[in-house]
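What follows is one structure encoded as structure tokens, with my remarks underneath.
Index from 1, following the sequence.
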Amino acid sequence: MIERFTLSKKSPSWVKYEHSARYGFASKYLDSKVVVDAACGAGEGSFLFAKSNAKMVEAFDIEESSIAEAKSKFNLPNLSFNIGNCLKLPLGDGFADLYISLETIEHINEDKLFLDEVKRVLKPGGIFICSTPNRTITNPGTSMKDNPRNPFHIREYSKEDLNELLEAKFADVEIFGLNRKSVFAAYVIKLACKIFPHFIAVRSPMLFKLPKLFFDNANDHVVSPYDDKHEYEYLVAVCRK
């Protein structure tokens, strides 16, 4: 089974706000560009990009049912959905100005090969935007070799892990954060790792989300420049070839 999300699916409010925040952030880079959206799922982000300011959006997903759903819901002249593996897309070298792949890299065994394929598909000077959970918050007290709490994820990265991986492949890397945690929350999460068994400690971040079941809004979920005084639940990277 593959982890999938759609805005129409019943889920906690913060999950929808988080996806919308990522889509909105990536949309700032469209600027009449030829865009690849890899691991597009049911296509909601791809549709948003196509109806905004993208010249063309080529969207791919490895799951046939997701592509079928996307095609049934979204139809624009500058939007195309196709089955494709992000380790080898059916596109020529230097095809895209902008390559978007949100919440994907943590699902891929061959993360370096994935980035090589991103570089192949991008034009010189092209931009790659990706997002992924920040292990420091989502799996505190663990290393990249440890199995994440989320059974769909191969691995999760810290800010330092992700930055090192991306800087080895791209000329310029800028890291942003989504869902900023207060200094107090970050301290409590780190403390939990020291005093509680692992299976309890990795669930401690969820305690800070419980109030959002009753009080939550989009303004609490924005992508912003990374402030090293805080921690963020998700990492968003903008990389230039």
Practice item. Report yes if the side chains of E44 and H19 come closer than 4.5 Å at any heavy-atom pair, otherwise no. Key: no
Check your understanding: Do side-chain atoms of D146 reach the backbone of S143 as a donor and acceptor pair under 3.5 angstrom?
Key -> yes
Review point. Regarding Y226 and E231, is there a side-chain donor-to-acceptor distance under 3.5 Å anywhere?
Key: yes
Review point. Is there a path from L178 to L162 through hydrophobic residues (I, L, V, M, F, W, Y) whose side chains come within less than 4.5 Å of each other?
Key: no
Review point. If you look at every heavy atom in S158 and R135, which pair is closest and at what distance?
Key: N-NH1, 3.4 Å
Practice item. Enter the distance from D97:CG to K123:NZ here, rounded to the nearest 0.5 Å. Key: 4.0 Å
**Study point:** Contact check, side chains of C130 and L102, non-hydrogen atoms, under 4.5 Å
**Key:** no
Point to revise | Between CD on residue E156 and CG on residue N147, distance to nearest 0.5 Å | key: 10.5 Å
Check your understanding: Which heavy atom in A70 sits nearest to a heavy atom in G41, and how many Å separate them?
Key -> CB-O, 4.4 Å
Review point. Is a side-chain N or O of N85 found less than 3.5 angstrom from the main chain of I62, in a donor-acceptor match?
Key: no
Review point. Just by distance, do the side chain of K241 and the backbone of G126 share a donor-acceptor pair under 3.5 Å?
Key: no
Practice item. Drop me the distance from L79's CG to D37's CG, to the nearest 0.5 angstrom. Key: 9.0 Å
Exercise for review: Mind jotting down which residue pairs meet the salt bridge (charged side-chain N to carboxylate O under 4.0 Å, His left out) criterion with at least one end in residues 77-96? Sequence neighbours excluded, please.
Suggested key: D93-R120
**Study point:** Separation of S131 OG from E106 CD (nearest 0.5 Å)
**Key:** 7.0 Å
Practice item. Please test K55 against N78 for side-chain contact (heavy atoms from CB on, under 4.5 Å), starting from the C-alpha separation and ending with a verdict. Key: CA-CA 7 Å; K55 179 180 180 180; N78 64 334; over 6 Å; no
Review point. Sub-3.5 Å donor-acceptor pair from the side chain of R149 to the main-chain atoms of N139, do we have one?
Key: no
**Study point:** Any side-chain heavy-atom pair of V57 and L76 under 4.5 Å
**Key:** no
**Study point:** N179 side chain to H221 backbone, donor-acceptor under 3.5 Å
**Key:** no
Review point. Is the side chain of E167 donor-acceptor paired with the backbone N or O of V173 at a distance under 3.5 Å, no angle test?
Key: no
Study note, to complete from the structure: Minimal heavy-atom distance between C86 and I108, with the atoms involved, is SG-CD1, 3.5 Å
Check your understanding: Any chain of hydrophobic side-chain contacts (each under 4.5 Å) joining L89 to V118?
Key -> yes
Review point. V36, F81: one ILVMFWY side-chain cluster at the under-4.5 Å cut-off?
Key: no
Review point. Closest heavy-atom contact between V223 and A21?
Key: CG2-O, 3.9 Å
Check your understanding: Under the 3.5 angstrom rule, does the side chain of K169 hit a backbone N or O of K119 as a donor-acceptor pair?
Key -> no
Point to revise | Expected output: side-chain D61 to main-chain I67 donor-acceptor under 3.5 Å | key: no
Exercise for review: Would you kindly confirm whether Y23 and V222 end up in one hydrophobic cluster when ILVMFWY residues are joined by side chain heavy atoms under 4.5 Å apart?
Suggested key: no
Point to revise | Within residues 46-65 or reaching into it, pairs that qualify as ring-ring contact (aromatic ring centres under 6.0 Å, His included) - sequence neighbours excluded | key: F47-F74
Practice item. Evaluate the side-chain proximity of L87 to E117: yes if any heavy-atom separation is below 4.5 Å, no if none is. Key: no
Review point. Who are the side chain to side chain donor-acceptor pair (under 3.5 Å) partners of Y157, not counting sequence neighbours?
Key: D111, R155
**Study point:** Note, K159 side chain near D228 side chain (heavy atom, < 4.5 Å)
**Key:** yes
Point to revise | Sidechain-backbone polar pair: N134 side chain, Y232 backbone, donor-acceptor under 3.5 Å | key: yes
Practice item. Any chance you could measure I129, atom CD1, to R240, atom CZ, to the nearest 0.5 Å? Key: 8.5 Å
Check your understanding: Where do L98 and Y29 come nearest, in terms of heavy atoms and distance?
Key -> CD2-O, 3.6 Å
Review point. Looking at L235 and P133, what are the two nearest heavy atoms and their distance?
Key: CD1-O, 4.3 Å
Practice item. Treating Ile, Leu, Val, Met, Phe, Trp and Tyr as nodes and any side-chain heavy-atom pair under 4.5 angstrom as an edge, say whether V121 and V238 lie in one connected cluster. Key: no
**Study point:** Pairwise distance CD(E58) to CZ(F95) - rounded to 0.5 angstrom
**Key:** 4.5 Å
Exercise for review: Say whether, by atom type as modelled, one donor and one acceptor occur between the side chain of S27 and the main chain of F25 under 3.5 angstrom.
Suggested key: no
